[in-house]
Amino acid sequence: MVRWMLGAAMLLGLVCPALAGNLDAKAVNDAARPEKPPAADKVNAPVTKLQILLDRAQFSPGQIDGKLGENAQKALKAFAEQNGLGFDKIVAPELWDKLNAASEGPVVVDYKITDADVKGPFLKRLPAKLEDMKSLEAVGYTSPLEGLAEKFHMSGELLKALNPGKSFDKAGETIAVASVPARRELPRIARIEIDKAGATLKAYEGSGRLVAFYPASIGSPDRPTPTGTLKVTGTNELPTYHYNPEYKFKSVKSNKPFEIKPGPNNPVGSYWIGLSAQGYGIHGTAEPDRVSKSASHGCVRLTNWDARALGENVKRGTPVVFLDAPTDSSSKQQGKTVGKRAANTR
């Protein structure tokens, strides 16, 4: 009996190397369709592959962490609906095939760390309070690992798991990373829909076809996101954060305006899409792992890379429709434009 159990354990290690603690590039690239719903709190090769494929198909799972969490499930459901398929925590063969057909090449590739990746300057720590950030020359990354993880849309934990024993602060070191595009081209976006209840943002082309999907943090009970329709007024890469005392954030004691210099860990991240109500926008974040899992101060918060992808493909005047209740993807609800209200968020 003991011999049988030992043999079974060895066989499991050969068949499922990721489950045996060997989550490497080959395990992810060769991963087969998960036949059962994967555990939402455990990293595994098939889910890592699914998340990377979703990211490449413009159906963002948010931060790629190798877990079938809420954001990955939202993205899978949206991709399935767009392709006329079903999804209920079980990845059907047709859905797996569609995802794999949406892009080409291995999902994990080698990357040689460059001088720019390790140059810095890096923060010793990111201040927790806004007021403590105003004296910083730039709100940069806290380490090369953080910068590399964001560059490839990954969590630092997954990046380390794929590269055991590797150094992330050494130029010339070769590491395994998610193969995701540095820049994205989308069809002309005609309308953006923000589902408050679902905590998602969808972008549509003129025909009504969904062309991009992102999980999002959207408002809070005390500082709600607008209702109705706004318009895009412009975009700004590496924005400066402007704090207005009228915001009356509980965590800020200052009664005078102040600014926080640009950087990926800026309170509004590294990209800003302005909307036609004072202080409102769609923007990035210093905490990609918390997107759609925490409230905002009224704005719409995406990961830095998703905010950039949307911002680089949206034009001034594009309508942004805020939906107060879940709706189907063909909804074209319109509402009155909300009045001005000062609000901004981290």
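Side chains are part of it too, since the values below use all heavy atoms of this structure and drop only hydrogens, waters and symmetry mates.
A donor-acceptor pair under 3.5 Å is formed between the side chain of Arg33 and the backbone N or O of Val91. Judged by distance alone, with hydrogens and angles left aside, the side-chain atoms of Asn236 form no donor-acceptor pair with the main-chain N or O of Trp272 at under 3.5 Å. With hydrogens and angles ignored, the 3.5 Å screen pairs no side-chain donor or acceptor of Thr174 with any backbone N or O of Asp110. At least one donor-acceptor pair under 3.5 Å links the side chain of Ser217 to the backbone N or O of Ser292. Using a distance-only test at 3.5 Å, with no hydrogens or angles considered, no donor-acceptor pair links the side chain of Glu259 to the main chain of Thr240. A distance-only check finds a donor-acceptor pair linking the side chain of Lys49 to the backbone of Asn29 [under 3.5 Å]. A donor-acceptor pair under 3.5 Å is absent between the side-chain atoms of Gln63 and the main chain of Pro288, judged by distance alone. Looking only at distances, a side-chain donor or acceptor of Gln51 sits under 3.5 Å from a matching main-chain atom of Gly66. Side chain of Asp117 to backbone of Thr114: a donor-acceptor contact under 3.5 angstrom is found.
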Report the C-alpha separation of Phe258 and Leu130 in whole Å, then their side-chain angles, then the decisive distance to 0.1 Å, and conclude whether the side-chain contact (heavy atoms from CB on, under 4.5 Å) test is met. CA-CA 9 Å; Phe258 62 83; Leu130 294 182; 4.1 Å; yes

Take Arg56 and Val107 through the test side-chain contact (heavy atoms from CB on, under 4.5 Å) and record every step on the way to the result. CA-CA 9 Å; Arg56 300 199 313 198; Val107 295; 3.8 Å; yes

Applying salt bridge (Lys or Arg N to Asp or Glu O under 4.0 Å), run through Glu94 and Lys98 and close with a yes or a no. CA-CA 6 Å; Glu94 296 85 356; Lys98 275 281 187 182; over 6 Å; no

side-chain contact (heavy atoms from CB on, under 4.5 Å) evaluation trace for Leu99 with Leu76: CA-CA 9 Å; Leu99 262 177; Leu76 270 171; 3.8 Å; yes

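Once rounded to the nearest 0.5 Å, the distance linking CG of Leu201 with CD1 of Ile273 reads 8.0 Å. If you take CD on Glu185 and CG on Asn313, they are separated by 7.5 Å, rounding to the nearest 0.5 Å. The structure places NZ of Lys89 at 11.0 Å from NZ of Lys77, a figure rounded to the nearest 0.5 Å. Atom CG of residue Asp65 and atom CG of residue Asp289 lie 9.0 Å apart, to the nearest 0.5 angstrom. Here Asp306 contributes atom CG and Arg301 contributes atom CZ; the two are 13.5 Å apart, rounded to the nearest 0.5 Å. Atoms NE2 and CG, from His153 and Asp55 in turn, are 5.5 Å apart once rounded to the nearest 0.5 Å.
A side-chain contact (heavy atoms from CB on, under 4.5 Å) with Phe322 is found for exactly one of Thr227, Asp195, Thr229, Val300, namely Val300. Each of Val47, Asn44, Asp41 was checked for a side-chain contact (heavy atoms from CB on, under 4.5 Å) with Leu68, and the lone residue meeting it is Val47.
When all heavy atoms of Pro245 and Ser254 are compared, the pair lying nearest together is CB-O, 4.4 Å. Gly172 and Lys112 make their closest contact through O-CG, 3.6 Å (heavy atoms, listed as atom of the first residue, atom of the second, distance). In plain terms, the two heavy atoms of Ile175 and Leu159 that are nearest each other are CD1-CD1, 4.4 Å. Closest approach of Ile260 to Pro267, counting heavy atoms only: CD1-CG, 3.7 Å. The shortest heavy-atom contact between Val118 and Asp169 is CG1-C, 3.5 Å. Scanning both residues, Gly208 and Tyr204, for their nearest heavy atoms gives O-CD2, 3.2 Å.
Side chain to side chain, Ser207 and Glu205 meet the donor-acceptor criterion of an N or O pair below 3.5 Å. No hydrogens or angles considered: a donor-acceptor pair under 3.5 Å links the side chains of Asn265 and Glu146.
Two residues are said to be in side-chain contact when any heavy atoms from C-beta on lie closer than 4.5 Å; Glu131 and Val252 meet this criterion. Within the 4.5 Å cutoff, the side chain of Phe168 has heavy atoms near those of the Lys160 side chain. Between Leu136 and Pro127, some side-chain heavy-atom pair lies under the 4.5 Å cut-off. Within the 4.5 Å cutoff, no side-chain heavy atoms of Ile192 are placed close to those of Val321.
Here ring-ring contact (aromatic ring centres under 6.0 Å, His included) pairs that include residues 78-111, with residues two or more places apart or in two chains, are Phe59-Phe79, Tyr111-Phe152.
Heavy atoms of other residues, nucleotides or ligands lying less than 6.0 angstrom from NZ of Lys26 number 12 at most.
In summary, Arg184 and Glu312 do not engage in a salt bridge, as defined by a charged side-chain N under 4.0 Å from a carboxylate O. A salt bridge does not link Lys119 with Asp115: every distance from a Lys NZ or Arg NE/NH1/NH2 to an Asp or Glu carboxylate oxygen is 4.0 Å or more.
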